[in-house]
Each structure stands twice: as C-alpha cells, then as structure tokens.
Amino acid sequence: MRGASAAPRTAKRTDIEGLRAVAALLIAVYHIWFGTVSGGVDVFLVLTGFLITGSLVRAMERDGRLAFGAFWSKLARRLFPSGAVVLAAVLVGAYLLLPRSRWTDVIADVQAAALYYGNWHLSLGSVDYMADNSAAGPVQHFWSLGVQGQFYLVWPLLITLAGLVAVRCGVRVRTAALTAVGTVLAVSFGYSLWITAADPVWAYFDTGARLWELALGGVLALVIARVRLSGPVRLVLGWTGLAALVLCGLVVGDALPYPGLASLWPTLAAVAVLLAGAGGDGPGRLSATRLLGTRPLVWLGGRAYTLFLWHWPILVFYLEVTGLDRPTLGGGLFVLGSAFAAALLTSRLVDANLTRLTRTLRAPSWSLAAGVLFVVPVLLAGLVWGHAIERDRQLRMELSSDPMSYPGAAVTLNPVLAENLPALPVYPDTATVATDTVDQTRECNALTDATEVVTCEFGDPEAAFTLVLAGSSHARHWFQALRTITEQHDWRLVMMTKNACQFSADEQVYRGDPYTECTSWNADVMERIAEIGPDALFTTATRTTTGGEEGEAPERTPEGYVERWRQLEELGVAVLAVRDTPRFGFNVAECVDREGAGACVEEQSFSMAERPPYEELADVPGNTRFLDLTEHLCGDGVCRGVIGNQLAYYDTNHFSHAFSRSLAVVLEPYLLESLPGAPVAETSLAEAAGPLLGAAESTEPNAS
C-alpha cells in the first residue's frame with residue numbers, strides 16, 4: 001500500500017504516562033473534595049485517540065491491513081479483567097452497604113458497564129424526570145469507558161476504510177486517514193455544541209458529543225511528526241497546558257454546560273502538553289515534559305486506569321456509610337489512599353499475573369478468552385441477584401393480596417384495623433417500586449422534551465361520563481386511584497400528563513430555563529379537551545415545595561392554575577382540583593431500608609401550608625371543586641412514608657402504584673360529592689371493601 005515505507009518511527013514517550021497519572025489524580029481529587037468536572041476524563045479521551053490512531057495508521061502503512069482480532073483481543077485482555085474485578089466488588093459492596101431500594105439500579109448499572117454501554121444507559125436514565133431523585137451509582141464513572149469501548153469498535157473500521165480509499169485514489173494512507181479523522185472531528189464537535197445547548201444532561205454521556213475529543217487526539221497523532229517547535233515554545237506550551245489542566249476543575253467546574261465549548265479547555269491543554277513533548281531533542285531540565293517523565297509519575301501512570309476504576313465506588317460507599325454529602329479532609333485522604341491500595345493490588349494480582357499467563361498464549365483467541373473469563377461471572381452474578389429480588393417481589397405481592405394486612409390508605413378509615421395492623425415487610429418491594437410505578441404509566445406520559453400530547457383512554461368510549469386526568473407527575477400519581485374509581489362506576493378516563501409540567505396558563509421553568517415544551521403541551525391539551533368534551537377534569541390545586549423557596553410560602557396556588565379553570569368553565573367542564581401531596585426531605589424507600597418504616601416521617605409544615613392556599617382565593621370559578629386528602633396522608637400534622645403497611649412514596653414525593661390504588665376507597669366519596677350529576681354504580685368501593693372498612697366511622701369528606 002502506498003506510503004507503507006514512510007511510516008514514521010516514534011520513540012516511547014514517558015511523559016504520556018505522567019500525563020495519565022495527572023489526569024487520574026485530578027479526577028479523583030475533584031470528585032472526592034469538590035464534586036465537579038476536572039477535565040481528566042477529557043484528557044484520557046484525547047490520549048486514547050492519540051495513541052490508538054497513531055498505532056492503527058502505522059499498522060496500515062506497514063502491513064496494508066489491520067488485524068482486527070488481535071487488536072480487539074489485546075484490548076479485552078488489558079481492559080476487561082480489572083474492570084470486572086471492580087464491578088464484582090461493587091456488587092458485593094452494594095449488597096452489604098447500600099439500601100435495598102438501590103439494588104436493582106446497581107445491578108442494571110453493572111451489567112451496562114460490563115458490556116460497555118454504560119454511557120447510553122445513563123443517558124436514557126437522565127431523561128426520566130421520575131428518576132431525578134436517584135443517587136449517583138457506584139459505577140457511574142464507567143460511562144467514559146463505554147465511550148472508549150465504542151470508539152475501539154468503530155475506529156479500526158474507519159482507518160481500514162481510509163486505507164482502501166488511499167489505494168483507490170492513489171494517495172498516502174496517512175493523508176486519507178487524516179481526512180477521515182478530521183471529518184469526524186468537525187462533525188462531532190458541531191454536534192456537541194448543538195446537543196450541549198439543547199440537552200446538556202444527555203450530551204454529557206453522548207458518544208457522538210464526545211467522539212471529537214478522541215478524533216482530536218487522532219488528528220494530532222497524524223500531524224505531530226511534522227510539527228517543529230523551538231525549545232522555548234515547547235517549554236511555555238508544556239507548563240501552560242499542565243497549569244490549565246490542573247485549574248480546569250476550579251475555573252470550569254459545573255459553571256458551564258458540558259461538554260460543548262467548555263471541554264475545549266482540558267482537551268487543548270492536553271494537546272499543548274503532547275506538543276511540548278514532541279521534537280527530536282530531549283526535554284529541558286525545567287520543562288513540564290521532564291516533570292511528567294519522572295519515575296513516580298510514570299509508575300503512577302501505569303496504574304492510572306485501576307486508580308480511576310476504584311476511586312468512585314470507594315467514595316460512594318464511604319459517603320453511604322458515613323452519611324456525609326462530601327468527605328472531610330481526612331475522610332477524603334482515606335478514600336484516596338484506599339483507592340491507591342486497591343489499584344496497586346489489582347495491578348499486581350490481576351494485570352501482572354494475567355500478562356504472564358497470556359505471554360505464552362499468543363493466539364488472539366486466548367487473550368480474548370482471558371478477558372471475557374472475568375466478565376462472564378459478573379454478568380451471571382447480576383442475573384442471579386436480580387432473580388432473587390424478583391422472587392422476593394413476587395412473594396410480597398402474594399402477601400399484599402390480603403387487604404387486612406396491607407390496607408394502605410384504607411387504614412385511615414378504620415381505627416380498629418390501624419390498631420391491630422400486623423408487622424410485615426412493606427409492599428411494594430423497595431428494590432423494584434420505582435421501576436414498577438413508573439412503568440405502569442410510562443406509555444401514557446409525555447417526557448420533558450416532548451411537546452405533543454400523549455393520550456391514553458380507559459373504559460368504554462361511549463360511557464355516559466368522561467373524566468380527564470391532566471397535569472404533571474403529581475397529577476399522574478393519582479392515576480391508579482382514579483382508574484379504580486372509574487372502573488367501578490363505568491366512567492371513561494382520559495389521561496394526559498407530562499413530566500414537570502403543571503396544567504397551568506403560566507409560563508413555566510424547568511432546570512432554570514424557560515420550559516417552552518410545557519407551554520406548547522398545555523395549549524395542545526386545551527385543544528384536545530375541547531375536542532373530547534369531557535364532563536370533568538382532575539388536576540392539582542396547589543404546588544408544594546420542600547421547605548419553601550426564598551420569599552415564598554411552602555405551598556401556593558399559582559394564578560395560572562386559576563386561569564386554566566376559568567378556561568375550562570367556558571367549555572362547560574367541571575374541575576376537581578386536589579390539594580398537592582407532601583414532600584419529604586429524604587428518599588422514603590431508602591429510609592425504610594435504613595431505619596425501618598416507623599422512622600420515615602416528615603412534618604407537614606416542611607412542604608405544606610397550615611391551611612390550603614386556595615382558601616385565600618377571592619374569585620374561584622364556579623366550576624371548580626377542591627379536594628383535600630391531607631388528613632389521610634399527614635395525620636396530626638405528621639406525614640408518613642409508610643401507611644397501612646404500604647410504601648406510600650417510592651422517592652421523596654411520588655405515590656407508589658400500590659398506595660395510589662389503595663387511595664381509591666378514600667378518594668371516591670370526595671369525587672362523588674363533587675360530581676352530583678355523575679352516574680354511580682349500585683355498590684361503592686367502600687361497600688365492596690366489606691370487612692376492611694367495617695369499623696370505619698362515618699366521616700364527611702373535605703370537599704368544597
């Protein structure tokens with residue numbers, strides 16, 4: 001192949017190992033003590049692109065082809081064993097140290113990390129508003145390995161394609177490769193700027209938004225041999241790049257959307273350091289290149305990968321055990337020292353022994369088998385553990401079929417039942433409640449970035465009475481209760497909800513930015529309601545907040561709500577506005593796992609006003625009726641996370657699916673009193689409940 005004889009020979013650069021060490025240290029330090037972006041991951045991506053691109057192009061120039069099997073199996077032997085050891089340790093640590101409610105997420109995260117799609121797994125999770133309360137997982141940092149793993153799959157194919165084009169067009173392989181890699185750099189960087197501005201949370205984990213960083217290293221590898229810089233210029237470049245890298249976390253941190261333009265800081269800093277180390281003459285005595293090439297940093301650079309793997313799970317488990325949000329100085333040193341020790345042991349016991357074992361087995365299949373041998377047990381362990389969780393979930397489901405043991409909200413109607421409630425494991429299972437709850441209405445709900453209305457209809461389309469459920473997740477979590485009631489009375493139920501979007505005429509904000517998707521969705525919902533012509537609409541009457549924002553009461557009724565109710569009055573639609581539910585200062589499911597059901601309570605005043613704020617409204621539309629079920633959720637001013645042996649909330653503020661369903665018998669009389677013209681079944685839910693409410697005292701529902 002043309003250009004084969006021109007392949008440049010490059011000497012081993014020890015400063016690259018030192019740069020790895022600095023990047024790993026920065027990642028660990030900024031994660032442990034500051035909790036911000038450090039730029040270290042970006043440096044790893046640039047270095048990966050630099051080394052892999054250079055190696056692949058030299059192989060193509062030399063041999064005219066790439067040995068895909070040898071390339072991938074060598075990577076598997078180098079990356080899989082250490083990664084699998086850390087993932088196995090995470091599974092053990094999660095079982096021993098993390099609350100049960102986080103087990104399912106950890107298993108899914110470990111499986112995604114082991115198969116190198118962890119970044120996409122996190123991206124998909126990040127857009128689920130209902131999962132916003134999830135704590136950082138112990139393998140969250142594996143997302144960058146997912147990006148690199150996908151790069152390793154695609155890049156040999158790209159370089160091979162460039163080689164074929166070089167032969168066809170009669171150009172040098174290096175020229176064709178530079179064109180291909182440069183094109184990827186330009187396209188990916190443009191996409192990164194766009195997606196970071198549009199959705200920075202998604203962009204952070206997006207391979208497409210990160211590929212340009214690897215391509216940047218690749219372009220540098222293909223042109224660096226032609227770069228001729230004087231000694232003073234290299235001296236300045238080296239120290240400037242190294243200083244910029246060290247300061248990146250302090251200057252950029254979390255202040256700017258990432259990656260986007262902000263990621264140019266660490267990537268260009270890495271390029272500057274790499275350029276400073278290039279050239280025929282050796283590094284100067286006072287150069288950054290000489291510092292990075294010192295034995296301690298080179299030694300640490302050889303263990304940077306395992307240090308990176310270990311620091312994050314050790315930090316997560318430390319914070320879980322101590323209950324801290326951020327380590328103290330001493331605690332951080334303990335985490336860093338533990339990560340060093342674990343990295344050293346992994347390098348000695350795993351990497352070194354595996355290298356000796358495979359040195360005599362030169363066939364690529366042996367290297368691949370050696371790497372895969374470590375991953376398979378981790379995947380199997382996750383499957384077995386997941387099966388055990390599912391078996392326990394089914395057992396609790398069977399136990400919950402007895403309403404006298406798991407009455408949920410109905411226990412607030414029967415003092416005798418409340419006094420004699422047996423001590424049983426809570427239902428739903430804390431390990432699966434979040435997924436189970438969200439999944440039940442996932443297909444009937446619009447995500448935050450959607451503008452189109454997602455509509456689900458239940459019951460007879462020709463029913464004599466139609467009820468619409470509209471609003472945010474705090475309207476959505478009443479679905480199971482409303483579905484039970486509408487089934488009982490043969491009503492038609494139409495569901496239209498959207499994450500973080502109130503059914504309101506106000507302009508709303510989401511994560512600090514104007515929520516234009518919500519505005520569009522609200523307008524479309526009103527059009528849809530006009531088409532359907534429902535008899536009534538169920539939505540929220542107030543908005544609760546945790547402790548109250550500065551200058552605001554903890555609970556209020558926005559003017560936009562009232563304006564919507566007026567618009568519905570013009571359409572002849574009755575409004576059932578339910579008072580918002582309380583919020584907790586902790587994840588209820590995790591609290592139950594750590595401290596037991598009885599300890600998981602919150603003062604009503606933490607998120608709710610003493611009296612419903614809509615009572616202060618001067619001009620309430622005549623079509624609106626208010627429903628207040630607070631006495632069933634926060635008896636005596638104390639809101640309970642577990643009610644009637646049922647887990648009432650799966651996170652900090654959303655009903656579990658089972659508890660919502662149990663609320664039907666409590667909510668029904670409020671609805672029927674507020675809708676005197678609605679058709680009613682011969683038997684109410686309370687009457688059908690029989691013995692469950694046999695001792696309930698006659699109460700007047702608080703509807704107005």
Side-chain angles (χ1 to χ4, degrees), residues 129-130 132-133 409 412 469-478 481 497-512 515 518 522 537-566 575-588 600-621 624-641 643 648-655 659-660 663 666-667 670 674 701-704:
Y129 170 82
M130 300 292 282
D132 274 354
N133 293 298
T412 63
L469 169 64
S472 67
S473 59
H474 275 223
R476 176 184 176 183
H477 69 182
W478 287 96
T497 59
K498 177 176 171 61
N499 289 347
C501 182
Q502 317 303 319
F503 185 57
S504 171
D506 288 334
E507 295 294 328
Q508 298 176 48
V509 175
Y510 179 61
R511 289 178 173 170
Y515 196 1
C518 180
N522 261 282
L537 180 139
F538 185 97
T539 190
T540 51
T542 65
R543 287 198 67 181
T544 54
T545 58
T546 52
E549 299 176 3
E550 186 176 354
E552 292 185 353
E555 183 183 11
R556 60 193 179 92
T557 297
E559 177 57 34
Y561 283 20
V562 182
E563 179 60 28
R564 275 283 180 259
W565 304 339
R566 293 193 185 104
V575 174
L576 304 174
V578 66
R579 188 178 183 184
D580 202 2
T581 45
R583 298 171 187 264
F584 292 74
F586 50 85
N587 184 295
V588 175
C600 303
V601 298
E602 188 69 85
E603 293 294 324
Q604 180 181 333
S605 58
F606 178 71
S607 63
M608 304 182 75
E610 184 177 351
R611 296 178 60 82
Y614 49 72
E615 292 184 354
E616 305 299 325
L617 295 178
D619 186 19
V620 177
T624 304
R625 297 291 181 271
F626 296 110
L627 316 178
D628 185 1
L629 277 70
T630 306
E631 63 178 309
H632 303 286
L633 304 175
C634 304
D636 300 323
V638 177
C639 306
R640 291 168 176 78
I643 300 175
Y649 307 83
Y650 71 83
D651 57 2
T652 63
N653 61 101
H654 295 101
F655 292 148
F659 184 72
S660 176
L663 277 164
V666 177
L667 177 62
Y670 291 80
S674 300
N702 185 12
S704 58

Exercise: identify the closest heavy-atom pair between [X] and [Y]:
X: Ala577; Y: Thr624; answer: CB-CG2, 4.3 Å
X: Pro582; Y: Tyr649; answer: CG-OH, 3.3 Å
X: Leu537; Y: Ala470; answer: CD1-CB, 4.0 Å
X: Ala475; Y: Thr540; answer: N-CG2, 4.1 Å

Main chain of [Y], side chain of [X]: is a donor-acceptor contact present, judged purely on distance under 3.5 Å?
X: Thr557; Y: Ala541; value: yes
X: Ser607; Y: Thr545; value: no
X: Thr544; Y: Thr581; value: yes
X: Ser674; Y: Tyr670; value: yes
X: Asp651; Y: Asn653; value: yes
X: Arg556; Y: Pro554; value: no

Would Leu667 and Leu629 count as a side-chain contact (heavy atoms from CB on, under 4.5 Å) here? Give the steps. CA-CA 8 Å; Leu667 177 62; Leu629 277 70; 4.1 Å; yes

Is any side-chain heavy atom of [X] closer than 4.5 Å to a side-chain heavy atom of [Y]?
X: Asn522; Y: Gln508; result: yes
X: Trp478; Y: Thr539; result: no
X: Ser473; Y: Thr497; result: no
X: Cys600; Y: Phe586; result: yes
X: Phe626; Y: Leu576; result: no
X: Asn499; Y: Arg476; result: yes
X: Glu603; Y: Val638; result: yes
X: Glu602; Y: Arg583; result: no

Check your understanding: So Phe655 and His477, would you call those rings parallel, tilted or perpendicular, with 30° and 60° as cut-offs?
Key -> parallel

query = Between Trp565 and Tyr561, how do the two ring planes meet: parallel, tilted or perpendicular, split at 30° and 60°?
reply = tilted

Any chance you could measure [X], atom [atom1], to [Y], atom [atom2], to the nearest 0.5 Å?
X: His654; Y: Phe584; atom1: NE2; atom2: CZ; result: 13.0 Å
X: Tyr515; Y: Gln502; atom1: OH; atom2: CD; result: 9.5 Å
X: Thr542; Y: Met608; atom1: OG1; atom2: CE; result: 6.0 Å
X: Tyr510; Y: Cys518; atom1: OH; atom2: SG; result: 11.5 Å
X: Ser472; Y: Phe503; atom1: OG; atom2: CZ; result: 12.0 Å
X: Asp628; Y: Glu615; atom1: CG; atom2: CD; result: 8.0 Å

- Item | From CA spacing to verdict: side-chain contact (heavy atoms from CB on, under 4.5 Å), Ile643, Thr412 | CA-CA 8 Å; Ile643 300 175; Thr412 63; 4.3 Å; yes

Around atom CD of Glu563, are there more than 12 heavy atoms from other residues, nucleotides or ligands closer than 6.0 Å?
yes

Indicate yes or no: does Arg566 engage Glu559 in a salt bridge with an N to O separation below 4.0 Å. yes

| Does the pair Glu555/Arg579 count as a salt bridge with the N-to-O cut at 4.0 Å? | yes

